[in-house]
Asks: 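Input: one structure, supplied below.
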Amino acid sequence: MKYIAYCRKSSESEDRQMLSIDAQVNEIKAKAAHEGIILDKIFRESMSAKAPGRPVFQEMIEYIKQNTPCVLYVWKLDRLARNPIDGGYINWMLQQAVIQEIKTYEKNYFPNDNVLLMSFEFGMANQFIRDLSANVKRGNLEKLRQGGWPGAAPFGYLNDKADHTVYPDPERAHYVEKMFKLYATGSHSVKEIEQILYDQGLRSRNGYQVRHNIIHRNLSNPFYYGIMLKHGKYYPGRHQPLISKELFDEVQMALHGRHHSKPEKHLFPHRGLMRCSDCGCLYTATLKKGYTYYYCTNGKKNCEQHKKYLREEKVDLLIAGALTKLQVDPELIELAYLAKKEKTGQSQEYLQRSVDHIQSQLDFLRQKQSKLLDSHLSDLIPEDVYTEKIQALNNERIALEQQKNKLLNSTPDNPSSTLERIKELFLTANKAKNDFLKARDDKKRGLLEILLWNLTVGNEKIADVSFKTPFDLIAKTTQKGDFVMLQAR
């Protein structure tokens with residue numbers, strides 16, 4: 001007769017209150033010693049028993065077959081099986097007296113016992129795990145509906161174990177925004193972004209380089225702009241977004257081939273920023289004998305400007321001349337700042353009404369989502385229609401919340417701080433020309449992408465230039481040269 005023991009504990013919630021494996025071993029040894037038995041072999045396993053396929057369990061089965069008959073010690077019957085296949089096999093081996101006896105802490109089982117009793121106990125163990133799985137799924141679904149994330153936090157976030165939420169990882173969250181912005185430019189592949197972020201200090205939680213396959217997966221995850229995707233369904237999240245939805249959509253267009261921008265082998269700072277005044281096509285660039293030239297791409301095949309090449313040095317001077325439109329006398333800026341500071345007061349009330357209006361729209365939107373969910377649960381609308389409509393409502397909610405946040409962030413409790421930022425904006429525009437002329441090529445392009453909206457060139461001159469908001473307002477102010485207009489800005 002061989003005397004063996006099987007001790008198992010799962011890392012899953014099914015065994016949360018179960019004795020550790022060492023504790024089970026100690027209890028079983030004490031029970032065997034009390035009965036004058038020395039155990040021949042002890043099998044230890046850390047794995048769930050809810051499905052067949054446990055390697056140590058199979059090893060024990062083979063041992064029993066080769067050393068029959070055996071007496072099997074186990075802490076409780078559910079340590080042996082929580083699924084009907086393994087439970088049925090143990091029950092059959094006991095009936096055939098291959099297992100002579102099963103000893104548990106509570107009772108003993110023999111070959112001649114009523115088979116219904118053991119089958120009932122194995123059935124209870126199996127039903128427990130089925131109920132637990134259903135409850136976990138139900139709890140996870142409810143957490144998703146309430147805006148929580150039921151699982152490990154995505155890259156760039158951390159789990160808060162205290163209140164079971166996720167929050168931005170202070171060491172890595174800013175790298176998420178960086179990877180989206182880099183890919184949105186169309187000038188970097190995912191592998192290049194991997195190296196760029198590594199050079200800038202990005203490491204995994206284990207200190208390793210974050211590989212391009214992880215970056216590629218992150219670029220498709222709507223979690224970063226506030227929407228949670230789980231099992232093919234979308235849920236609005238309560239977590240703090242790391243990027244805007246506009247940036248996410250721009251990256252998706254690049255990922256899915258709606259526009260393909262190949263990485264540049266040579267950096268041409270003004271390529272793609274200028275258009276031809278005659279045909280409207282973009283200007284491109286080329287290297288000839290060590291010099292950079294810009295010219296119209298002549299995409300419509302009817303442009304005479306295509307034959308005129310501009311040296312990069314001349315383009316720099318033309319753009320610098322256009323940036324003079326942003327220059328304002330620093331003394332005038334200071335006077336306007338002081339005058340405007342005296343008139344701040346009633347704008348806060350208007351702002352609050354705007355915020356309240358957006359909030360009422362958000363409340364109405366949540367009511368629509370709730371009614372839509374009720375209709376879906378009542379089988380009044382099919383799954384595909386529900387998914388499409390709930391996604392549209394989620395997108396609308398994200399847009400409204402971003403508008404609300406912009407309003408709140410643009411109006412701090414101290415209005416003077418807003419005026420300080422406006423004053424700094426004017427001073428930044430004032431020195432844009434000098435900063436542009438002094439900058440390296442990569443810095444030049446970054447500065448122009450911030451300032452310029454449209455730049456057209458014709459006959460080797462600037463035909464027209466328009467600036468992005470709010471620099472377009474500054475340009476209009478400088479053209480009027482009006483103190484009252486400057487004060488109004």
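FYI, the numbering just counts along the sequence from 1. Side-chain atoms are counted along with the backbone in the values below, which use heavy atoms only and exclude waters and symmetry mates.
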Asks: Quick check: does any side chain N or O of Arg203 sit under 3.5 Å from a backbone N or O of Arg172, one acting as donor and the other as acceptor?
Replies: no
Asks: Pairing donors with acceptors under 3.5 angstrom, does anything connect the side chains of Gln402 and Lys245?
Replies: no
Asks: Has Lys308 got more than 12 heavy atoms of other residues, nucleotides or ligands less than 6.0 Å from its NZ?
Replies: yes
Asks: Do Arg271 and Phe268 meet the cation-pi criteria used here (NZ or CZ under 6.0 Å from the six-membered ring centre, within 45° of the axis)?
Replies: no
Asks: When you compare the side chains of Asn218 and Asn221, does any donor N or O come within less than 3.5 Å of an acceptor on the partner?
Replies: no
Asks: Short question: side chain of His306, backbone of Cys296 - any donor-acceptor pair under 3.5 Å?
Replies: yes
Asks: Quick test of your reading of the model: are Lys443 and Asp435 salt-bridged, counting only N-O distances below 4.0 Å?
Replies: no
Asks: Show your working on side-chain contact (heavy atoms from CB on, under 4.5 Å) between Lys178 and Leu197 and close with a plain yes or no.
Replies: CA-CA 8 Å; Lys178 183 71 172 179; Leu197 296 181; 3.6 Å; yes
Asks: Tell me, please, which residues at least two apart from Tyr225 pass ring pair (Phe, Tyr, Trp, His ring centres under 6.0 Å).
Replies: Phe248
Asks: Can you name the nearest heavy-atom pair linking Val251 to Leu219, along with the distance?
Replies: CG1-O, 3.9 Å
Asks: Using every non-hydrogen atom in the two residues, find where Leu400 and Ile358 come nearest and quote the distance to one decimal.
Replies: O-CG2, 3.5 Å
Asks: Would you say the side-chain atoms of Glu192 pair up with the backbone N or O of Ser189, donor to acceptor, closer than 3.5 Å?
Replies: yes
Asks: Please report the shortest heavy-atom distance between Arg44 and Val56, naming the atom on each side.
Replies: O-CG1, 3.5 Å
Asks: Can you list every pair that meets side-chain hydrogen bond (donor to acceptor under 3.5 Å, both in side chains) and has a residue in residues 273-287, with sequence neighbours left out?
Replies: Asp278-Gln305
Asks: Are the side chain of Arg311 and the backbone N or O of Tyr291 linked by a donor-acceptor pair below 3.5 Å?
Replies: no
Asks: Assess the residue pair Leu273 and Arg445 against the criterion (side-chain contact (heavy atoms from CB on, under 4.5 Å)); give the C-alpha distance rounded to whole Å, side-chain angles, the decisive distance to 0.1 Å, and a yes or no.
Replies: CA-CA 9 Å; Leu273 294 178; Arg445 185 174 185 89; 3.9 Å; yes
Asks: Does Ile196 form a side-chain contact (heavy atoms from CB on, under 4.5 Å) with Leu182? I'd like the steps, not just the answer.
Replies: CA-CA 9 Å; Ile196 291 172; Leu182 285 172; 4.0 Å; yes
Asks: Looking only at atom types and distance, does a side-chain atom of Tyr294 sit under 3.5 Å from a main-chain N or O of Val315, one as donor and one as acceptor?
Replies: no
Asks: Could you list the residues that satisfy ring pair (Phe, Tyr, Trp, His ring centres under 6.0 Å) with Tyr157, not counting sequence neighbours?
Replies: Phe223, His239
Asks: Donor-acceptor check, side chain of Ser10 to backbone of Met47, threshold 3.5 angstrom: yes or no?
Replies: no
Asks: Pick from Glu194, Arg217, Gln195: which one makes a side chain to side chain donor-acceptor pair (under 3.5 Å) with His212?
Replies: Glu194
Asks: Any donor and acceptor pair, going by atom type alone, linking the side chain of Tyr175 with main-chain N or O of Tyr198 inside 3.5 Å?
Replies: no
Asks: Specify the closest pair of heavy atoms between Ala320 and Leu437, including all atoms of both residues, with the distance to one decimal.
Replies: CB-CD2, 3.7 Å
Asks: State whether the side chain of Asp160 and the backbone N or O of Thr165 hold a donor-acceptor pair below 3.5 Å, judged by distance alone.
Replies: no
Asks: Other residues, nucleotides and ligands only: do more than 12 of their heavy atoms fall within 6.0 Å of NZ on Lys433?
Replies: yes
Asks: With Lys431 as the cation and Phe436 as the aromatic partner, state whether NZ or CZ is under 6.0 Å from the six-membered ring centre and within 45° of the axis.
Replies: no
Asks: Does the side chain of Tyr167 come under 3.5 Å of the side chain of Gln240 through a donor N or O and an acceptor N or O?
Replies: no
Asks: Report yes or no: does Asn298 contribute a side-chain atom to a donor-acceptor pair with the main-chain N or O of Cys303 at less than 3.5 Å?
Replies: yes
Asks: Of all heavy-atom pairs between Ala285 and Tyr295, which one has the smallest distance, and what is that distance?
Replies: C-CE2, 4.2 Å
Asks: Does NZ in Lys461 sit with more than 12 non-hydrogen atoms of other residues, nucleotides or ligands closer than 6.0 Å?
Replies: no
Asks: So which heavy atom on Arg366 is nearest to which on Glu401, and how close?
Replies: NH2-OE2, 3.6 Å
Asks: Looking only at atom types and distance, does a side-chain atom of Lys300 sit under 3.5 Å from a main-chain N or O of Cys279, one as donor and one as acceptor?
Replies: yes
Asks: Any side-chain donor paired with an acceptor under 3.5 Å for Gln359 and Asp363?
Replies: yes
